[in-house]
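These notes concern the structure reproduced below.
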Amino acid sequence: MELPYPHPMAGVPIAVLISGRGSNLGRLLEMEPESAYRVVVVIADRDAPGFEWAEKHDVPTRIVRWSDHANRESFTASICDEIEAFACELVVLAGFMRILAPVAIERFPDRIVNVHPSLLPDFPGAHPVEDALEAGVDETGVTVHVVVEDVDAGPILAQRSVPILPGDTVALLHERIQEQEHDLYPQVVDALAAGRLHRIGEE
Ligand code: GAR
């Protein structure tokens, strides 16, 4: 049987889902040679600028458009079909700005992870950097967590804190948060792929 990715023994096959510029995808690809995972497909819900990273690294891309689907279930099922077609063992959300229907969690239980730019459970949702600034807290950060049905509520795998400095703007603060994301996310995905970080439900 011909497999859809080139070196199946070279690492745990993962799918990365993006919507935007894909800087986390870029870092995952950069760190891949020294990691236990292989990005075998990049999936977006739109023509994401981050596809450039996939093209640079010769990784296949797929677009599953929200507007081509009648509802969240059918959109999610199409994404899951693509993930399955590439035999992915882990699903890595990296700035993917759509909420997946529960069917994704049923099909890939404890196998979907997300990076979120706050110290969850503080500031879940779509504007965590703005919300932290507006709240006037001293620090915020990055959380890597397992995706469950409730948004931004899954078991936490790793966190890094980032201080909020006088004069911070959303752009400045998000830039410092992203520096931490770029360091942390590939390490967590590597540890999951290598079996060093136990996924929920495993002994
Ligand atoms: C990242 O900062 C990520 O934490 C955030 O989107 C950005 C994507 O950046 N994700 C969320 O807010 C999810 N709720 P990137 O496209 O450059 O990787």
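Heavy-atom basis, side chains included; hydrogens, waters and symmetry copies ignored. Everything numeric here is computed off the predicted structure, so don't read it as measured data. Atoms within a ligand are numbered from 1 in the order they appear, just like the ligands themselves.
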Audit row: Thr140, Asp122, side-chain contact (heavy atoms from CB on, under 4.5 Å) steps and yes/no: CA-CA 8 Å; Thr140 182; Asp122 291 343; over 6 Å; no
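Atoms of ligand 1 found under 4.0 Å from any heavy atom of Met97 (numbered from 1 in listed order, with element): 12 (O). Residue Gly95 approaches ligand 1 through these ligand atoms, each under 4.0 Å from one of its heavy atoms: 6 (O), 8 (C).
For atom 7 (C) of ligand 1, the closest non-hydrogen atom of the protein is Gln178 NE2, 3.8 Å. Closest protein heavy atom to atom 4 (O) of ligand 1: Glu181 OE2, 2.4 Å. Scanning the protein heavy atoms around atom 14 (N) of ligand 1, the nearest turns out to be His116 ND1, 3.2 Å. Summary of contacts: the protein heavy atom closest to atom 2 (O) of ligand 1 is His174 NE2, 2.8 Å. Ranking the protein heavy atoms by distance from atom 17 (O) of ligand 1 puts Ser23 OG, 2.6 Å first. The nearest protein atom to atom 12 (O) of ligand 1, hydrogens excluded, is given as Pro117 CD, 3.3 Å; this is a heavy-atom distance.
One finds no salt bridge joining Arg21 and Glu52 here, because no Lys/Arg side-chain nitrogen approaches an Asp/Glu carboxylate oxygen to under 4.0 Å.
Residues forming a side-chain contact (heavy atoms from CB on, under 4.5 Å) with Ser35 (at least two apart in sequence, or on another chain): Met31, Tyr37, Asp190.
Within the structure, the closest approach of Val115 to ligand 1 falls below 4.0 Å when heavy atoms are considered. Note on ligand 1: Gly50 sits outside its first shell, no heavy atom being nearer than 4.0 Å.
Exactly one of Val91, Val146, Val147, Leu17 qualifies for a side chain to side chain contact (heavy atoms under 4.5 Å, CB included) with Asn114. That residue is Val147.
Of all heavy-atom pairs spanning Glu30 and His57, the tightest one is N-CE1, 4.4 Å. A pairwise comparison of heavy atoms in Gly20 and Pro49 identifies O-CD, 3.5 Å as the closest pair.
Polar contact check, Asn114 against ligand 1: no nitrogen or oxygen pair lies under 3.5 Å apart. In terms of N/O distances under 3.5 Å, ligand 1 is not approached by Asp152.
Of the listed residues (Ala44, Gly20, Gly22), the one carrying the non-hydrogen atom nearest atom 16 (O) of ligand 1 is Gly22.
Counted by atom type alone, Glu181 and Gln178 present one or more donor-acceptor pairs between their side chains at under 3.5 Å.
The hydrophobic cluster containing Ile99 also includes Val151, under a criterion of side-chain heavy atoms closer than 4.5 Å among ILVMFWY residues, counted directly or through chains of members.
Aromatic ring orientation, His145 versus His116: perpendicular (interplanar angle above 60°, classes split at 30° and 60°).
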